Amino acid sequence: MLILGIETSCDETAAAVVADGRTVLSSVVATQFELHAQYGGVVPEVAARRHLENILPVIQGALDGAGVFLKAIDGIAVTQRPGLIGALIIGMAAAKALSYTLQKPLVGVHHLEAHIMAAFLTETPPEFPFVALVVSGGHTNLYRVDGFMEMALLGRSRDDAAGEAFDKVAKLMGLGYPGGVKVEALARAGKASACNLPRPRVHGEPLTFSFSGLKTAVAYRLKQHPEILADDVARCDLAAGFQAAVVDSLTSRAWLALEQEHCSRLVVCGGVAANLHLRQVLQAHASDTGIDLFLPPPGLCTDNAAMVAALGHRLLMAGERLDLSGDVFSRG
Ligand code: KG4
Ligand code: ZN
């Protein structure tokens, strides 16, 4: 069964062909980083217009990459929520048009649940149940996952998402957009112990994340010590201290969730899961404690359409369908 996945929720136009929900035959991602860099962040209307230009060539690229014609596709999966409305509409319109003309089933997927499916596109997928930590630009969510359609939210961020914190701190440090990769590159040359930053907690809600206080702490430090930005060592130490605080906040709650759920399997996914320091801390803890860690390769952690096709496959198999009146939604 061949599923064409389509993803346009934010600033990546992506399409992929996945066989049997497991094998990625092709995955094309057209990023818009350069387009939005001049504004220091994603401009929704600009993103939507670029999706419109990209969508057909990206879909064609995915078909060519998989070596299949459109008529070989058995179903179409498209991100339906959450995301930027104007951006989502472009992917949805393309998916509906294909579904209608090919007379093939269409299904809408939840972007964050699709991120979790990246773990099923690797050689050793997890068994149920497991805990999933989804760390993206817009969300930081912990789930208990008992099945492809049984994902229960255990915790989330009360303010900024982890990726958003990386992006905002990058902006404060004058590194530009997108921030995660740039902060990581600086942090690699820095010493986290030279720059201690807070790990905000929410009283009485141990699985709730909070990153805005951390971002504010970085802003204060830069205001009090603007000379940091002119000193290579101090810049790298600040980036390393910030990154360590984010990674601590993420991992401490992930371990707690595993304990609370009496679970020994952990999936970590979403764009921030591409961060090497986070991956190293997770891997070290997993090998110390015997936790089964499922960490998709970085290319499957950041936005892509293979994960959308993988979840779409499961939903279509379960009989889910979206008709041509199906809408898109900004919130999850
Ligand atoms: O999942 P994703 O690709 O898109 C959304 O669904 O939001 O996540 C994008 C987020 C951005 O905030 C980006 O800065 C962050 O992931 N990110 C990283 C890294 N690569 C991407 N953050 C830290 N380190 C990275 N290497
Ligand atoms: Zn995402």
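Being a predicted model, the structure only gives us computed values, none of them experimental. We count ligands from 1, going down the list as the structure has it; atoms in each ligand are counted the same way.
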TODO: Please work out which of V169, L112, D303 has its closest non-hydrogen atom nearest to atom 4 (O) of ligand 1.
DONE: D303
Task: Atom indices of ligand 1, in the order listed, that fall short of 4.0 Å to a heavy atom of H115 - done: 1 (O), 6 (O)
Open item on the list: Using the rule side chain to side chain contact (heavy atoms under 4.5 Å, CB included), only one of L35, D167, D11 pairs with V42; which is it?
Closed with: D11
- [ ] Can you pull out the closest protein heavy atom to atom 13 (C) of ligand 1? Residue, atom name and distance to 0.1 Å, please.
- [x] D167 OD1, 3.8 Å
Task: Donor + acceptor pair across side chains of E7, T79 (<3.5 Å) - done: yes
Open item on the list: Quiz question: by atom type and distance under 3.5 Å, do the side chains of S210 and D159 form a donor-acceptor pair?
Closed with: yes
Task: Test of proximity, G270 against ligand 1: N or O pairs below 3.5 Å - done: no
TODO: Could you tell me whether T302 and ligand 1 have an N or O pair separated by under 3.5 Å?
DONE: no
Task: Sub-4.0 Å heavy-atom approach of G138 to ligand 1 - done: yes
Task: the Zn ion (ligand 2) reached by C10 (N, O or S, under 2.8 Å) - done: no
Open item on the list: Suppose I only count heavy atoms of V181 and a 4.0 Å limit; which atoms of ligand 1 are within that range?
Closed with: 20 (N)
TODO: Please determine if the Zn ion (ligand 2) has an N/O/S atom from H139 lying under 2.8 Å away.
DONE: no
- [ ] Identify the protein heavy atom lying closest to atom 20 (N) of ligand 1, giving its residue, its atom name and the separation to 0.1 Å.
- [x] G271 O, 3.4 Å
- [ ] Using atom types as modelled and distance alone, determine if a side-chain donor or acceptor of R265 lies under 3.5 Å from a backbone N or O of F128.
- [x] yes
Open item on the list: Could you check whether any heavy atom of H111 sits closer than 4.0 Å to an atom of ligand 1, since that is the contact criterion I want to use?
Closed with: yes
Task: Shortest protein heavy-atom distance from atom 18 (C) of ligand 1, along with the residue and atom involved - done: G180 CA, 3.6 Å
TODO: Give a yes or no on whether the ring-centroid distance for F120 and F148 is below 6.0 angstrom.
DONE: yes
- [ ] Give the atoms of ligand 1, by number and element, whose distance to some non-hydrogen atom of G163 is under 4.0 Å.
- [x] 12 (O)
TODO: Mind checking whether H139 contacts ligand 1 via backbone (N, CA, C, O), side chain (CB onward), both or neither, at a 4.0 Å heavy-atom cut-off?
DONE: neither
TODO: Give the residue, atom name and distance (to 0.1 Å) of the protein heavy atom nearest atom 25 (C) of ligand 1.
DONE: E184 OE1, 3.6 Å
TODO: Please report which non-hydrogen protein atom sits nearest to atom 15 (C) of ligand 1, along with the residue it belongs to and the distance in Å to one decimal place.
DONE: V272 CG2, 3.9 Å
Task: Ligand-residue contact atoms, ligand 1 with N275, heavy atoms, under 4.0 Å - done: 23 (C), 24 (N), 25 (C), 26 (N)
TODO: Inspect the contact between E53 and R49 and indicate whether a charged nitrogen and a carboxylate oxygen are less than 4.0 angstrom apart.
DONE: no
Open item on the list: Using side-chain heavy atoms (C-beta onward) and a distance below 4.5 Å, is L214 in contact with V246?
Closed with: yes
- [ ] Would you tell me whether Q80 and H111 have side-chain atoms, one donor and one acceptor, within less than 3.5 Å of each other?
- [x] no
Open item on the list: Working to the nearest 0.5 angstrom, can you tell me the gap between S99 OG and I76 CD1?
Closed with: 5.0 Å
Open item on the list: If you count heavy atoms of other groups shown closer than 6.0 angstrom to CZ of R321, is the number above 12?
Closed with: yes
Task: Polar proximity ligand 1 side, G137 side, N/O cut 3.5 Å exclusive - done: yes
TODO: Verify the distance criterion only: is there a donor paired with an acceptor across the side chains of H51 and T13 at less than 3.5 Å?
DONE: yes
- [ ] Give yes if a backbone or side-chain nitrogen or oxygen of F166 is under 3.5 Å from a nitrogen or oxygen of ligand 1, and no if not.
- [x] no
Task: Check: F242 ring centre within less than 6.0 Å of F166 ring centre - done: yes
TODO: State the atom name: nearest N, O or S atom of D303 to the Zn ion (ligand 2).
DONE: OD1
